[in-house]
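Data block below; observations after.
Hydrogens, waters and symmetry mates play no part in the numbers below; they use all other heavy atoms, side chains included. Labels below follow one simple rule: chain letters A, B, ... track the order of the sequence lines, proteins then strands, and each chain is numbered from 1.
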Amino acid sequence: MIEVTNVTKRYGEKVAVSDLTFEVRPGIVTGFLGPNGSGKSTTMRLILGLDAPNAGRTLVNGKPYRDHDSPLHEAGALLEARSVHTGRSARNHLLALAQTHGIGRRRVDELIESVGLREVAGKRAGGFSLGMGQRLGIASALLGDPRTVMFDEPVNGLDPEGIQWVRKLLQRLASEGRTVFVSSHLMSEMALTAEHLIVIGRGKLIADMGVEEFVASASKHSVRVRSPQLERLVELVAGPEVSVSAVAPSVVEVRGLSSEQVGTIAAEHGIVLYELSTQQASLEEAFMELTRDSLEFHVEDRPKAEPNEVLT
Amino acid sequence: MSAVAVERPPVEAGGAAPVGPVTQRRVALSEWTKLRSVRSTRWSLFVMLLLIIGFGILACVVFESRWPHLGADERHHFHPLRANLAGVNFAQLAIGVLGVLAITAEYSTGMIRATFSAVPKRLPVLWGKAVVFGAVAFAVSLPAVFIVFFIGQAILSGQHINIGISHPGVVRALFGAALYLTVMGLFGLGLGAILRSTAGGIAALAGIVFVLPPIVGLLPSSVTNSIDPYLPSNAGGAIWTINPDSGTLAPWAGLAVFAAYAAVALAIAAVLLKRRDT
Ligand SMILES: Nc1ncnc2c1ncn2[C@@H]1O[C@H](COP(=O)(O)OP(=O)(O)OP(=O)(O)O)[C@@H](O)[C@H]1O
Ligand SMILES: [Mg+2]
């Protein structure tokens, strides 16, 4: 269980996390989504007490993380930035962390084996590839048999086999009743692994909902209409539940009506249609739509729809 | 790496592993593992040994062979123990740098985040490092100074200018040299923990030990004379000298002053460690 309550964190002038409140429940995988720089990694550091919030508080299993007697048994984290001395072997790295909690060598060797690092366990961690580094990070997160695990972009740098492995691992940890909190940029990845989502943008909470709910809302479609009499048609379809946006000269997208409804209205009023089609938003598009207003770093010169699309 | 591709047993998050509470003892053991498992430790300690023994022998050889040609004034200034412990002046930098690195390397590599995730109360880490590092520094430097003493004095005996171990103050000075190096290492640890940067920590330490005394020497002599004995390296130097120049502190008082510098550095580090983001 993780509780984040009214947390604000500033770095100088920069507000990284702003009055953020949410809970992460045990027994399911909770995805933590947000565009680059939205404050995901910062939030995780705050939960672990690595950084101190300017306001608000974070609790892990009912207490501030640092107040637990066996912190590694309460929460294990894979952080975004590598957290390993480059000159130390993977085995000694894990051993040093294990010893703080009286965890024995056997457990260390077991974990090395199960994350697939046996052959390199005696080598300097500085020479590890990105994926090997992630595996070592995951091993350190699991050392203390944690009731809560927090992974910051765990699949970053992993090969397809590794990605599969992490997915299964997360789900198994959740099925064992642990709290599992995983960040990602990829909605599609989260749709596969997570059951619940916390979405943030610019450090603020945007959504706190079930994945199914999100997918359902994402599959809300729009109707693309091309017509020489658009102005007239737009007047006719207007209504409180309906929104119309221009995407290109003489092309609009209508939300809130089905293509059947739009076609019928047009026919009733003798409006000529050149094109009438249902547009299905992908999960990624839905995610981008949700976070569009809170993007930290916009890619310049990208209009909402590519005019080229209309021409071809 | 073929190991990755093969089928692995599932990760046992639980398993038979008993997990206990974090204790100061356990953190100290963890710090011992950290210290012994990086190459920079072995190298720095090896260099320190080499400097203590190498320079000590070299100085004795030079004096022994040049003795017949030295003038009365030079002979008057010669002291068998001072020549013998010449290497300590150089070794102090090696041990100080190692002290700095013991903490700054954790910051530069990001290890500190793993460390503080395991020990979020943080202070046990600083105390654990201080105890373990202090013990290692003492355990390595003490045999080194005794070895160089016996070799050096054997060399000097060729001209009958040696002193024996039972000479008043010799044993105190030899233990003192090891204590001095230990405190220097702890001072480095404190400075490193305050500055969190290897370059910054080494610069601060070298500045205080090597640059500060000559700068103080430029002040009017009345000022210099009252400050000089209290500079860290001068105060600490009193414990491993047996015929001090006038105006230095008494041996144990000097060591106490030097240890106070290190203690203050560690105390400031402790306060900052608690407060700062990692
Ligand atoms: N230690 C720090 N000092 C200064 N600014 C920081 C620090 N940590 C984070 N920030 C700023 O806070 C904001 C949030 O950063 P954070 O790393 O938490 O985002 P994120 O959601 O993890 O992004 P990404 O998806 O790229 O990993 C960013 O604008 C970042 O520049
Ligand atoms: Mg991040």
Side-chain angles (χ1 to χ4, degrees), chain A residues 45 48-52 65-66 68-73 77 79 81-89 92-93 95-104 106-107 110-111 113-120 126 131-132 135 138 140 142 144-146 149 159 161-162 165 168-169 172-173 176 178, chain B residues 1-43 101 105-122 124-125 128 274-278:
Chain A
R45 286 200 306 273
L48 284 180
L50 290 174
D51 286 16
Y65 181 66
R66 77 172 54 179
H68 285 289
D69 289 335
S70 310
L72 288 183
H73 185 48
L79 296 171
R82 233 190 245 186
S83 315
V84 183
H85 191 302
T86 42
R88 194 172 286 127
S89 72
N92 282 324
H93 171 74
L95 182 63
L97 293 176
Q99 284 169 332
T100 59
H101 286 62
I103 301 166
R106 243 190 54 209
R107 169 85 179 142
E110 253 171 47
L111 272 170
E113 184 75 23
S114 58
V115 302
L117 288 177
R118 192 184 55 190
E119 287 176 15
V120 292
M132 286 150 79
R135 287 162 194 271
I138 290 171
S140 13
L142 297 178
D145 183 21
V149 294
D159 51 24
E161 189 266 348
W165 169 69
K168 282 190 193 142
L169 173 66
R172 206 167 46 79
L173 291 170
E176 288 165 354
R178 299 172 208 269
Chain B
M1 208 182 67
S2 59
V4 172
V6 302
E7 198 56 34
R8 283 191 297 273
V11 174
E12 290 308 326
V19 180
V22 174
T23 61
Q24 182 64 67
R25 246 185 99 87
R26 287 178 166 158
V27 174
L29 177 63
S30 159
E31 289 301 329
W32 162 241
T33 300
K34 284 185 191 171
L35 192 65
R36 69 173 173 76
S37 62
V38 291
R39 241 184 278 167
S40 59
T41 306
R42 292 193 285 277
W43 274 108
L101 276 173
E106 292 218 17
Y107 281 99
S108 63
T109 58
M111 177 68 197
I112 197 75
R113 283 184 290 268
T115 299
F116 286 166
S117 299
V119 188
K121 291 191 167 75
R122 298 189 183 182
V125 174
K274 270 296 223 193
R275 285 204 196 147
R276 288 195 293 209
D277 289 346
T278 45

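Between A:His85 and B:Ala105, the shortest heavy-atom distance links the atoms NE2-CB, 3.6 Å. Closest non-hydrogen pair, B:Ala118 versus A:Pro71, comes out as O-CG, 3.8 Å. Across every non-hydrogen atom of A:Ser70 and B:Pro21, the tightest pair is OG-CA, 3.3 Å. Taking every heavy atom of both residues into account, B:Lys121 and A:His68 meet most closely at NZ-O, 3.8 Å.
Proximity to chain A (any heavy atom under 4.5 Å) is restricted, for B:Val119, to the side chain, taken from C-beta onward. Of the atoms belonging to B:Arg25, not a single heavy atom falls under 4.5 Å from chain A. Contact of B:Ser108 with chain A is not made at all, since no heavy-atom distance falls under 4.5 Å. Looking at A:Ser140, neither its backbone nor its side chain comes within 4.5 Å of chain B, counting heavy atoms on both sides.
Looking only at heavy-atom pairs under 4.5 Å with chain A, the residue among B:Val27, B:Thr33, B:Ile112 that has the most is B:Thr33. Between chain A and the residues B:Arg36, B:Arg122, B:Gln24, B:Arg276, the largest count of heavy-atom pairs under 4.5 Å involves B:Arg122.
Taking 4.5 Å as the limit, some side-chain heavy atom of A:Asp51 sits within range of a side-chain heavy atom of B:Thr278.
In the displayed structure, B:Arg42 atom CZ is contacted under 6.0 Å by more than 12 heavy atoms of other residues, nucleotides or ligands. A:Lys168 NZ: 12 or fewer foreign heavy atoms inside a 6.0 Å radius.
A donor-acceptor pair is defined here as one N or O able to donate and one able to accept, closer than 3.5 Å; such a pair exists between the side chain of B:Asp277 and the backbone of A:Ala52. At least one donor-acceptor pair under 3.5 Å links the side chain of A:Arg88 to the backbone N or O of B:Lys34.
Here the NE2-CE distance, from A:His93 to B:Met111, works out to 5.0 Å after rounding to the nearest 0.5 Å. To the nearest 0.5 Å, the span separating CZ on B:Arg26 from NE2 on A:His101 amounts to 9.0 Å.
Only one option out of A:Leu97, A:Thr100, A:Leu50 pairs with B:Ser117 in a side chain to side chain contact (heavy atoms under 4.5 Å, CB included); it is A:Leu50.
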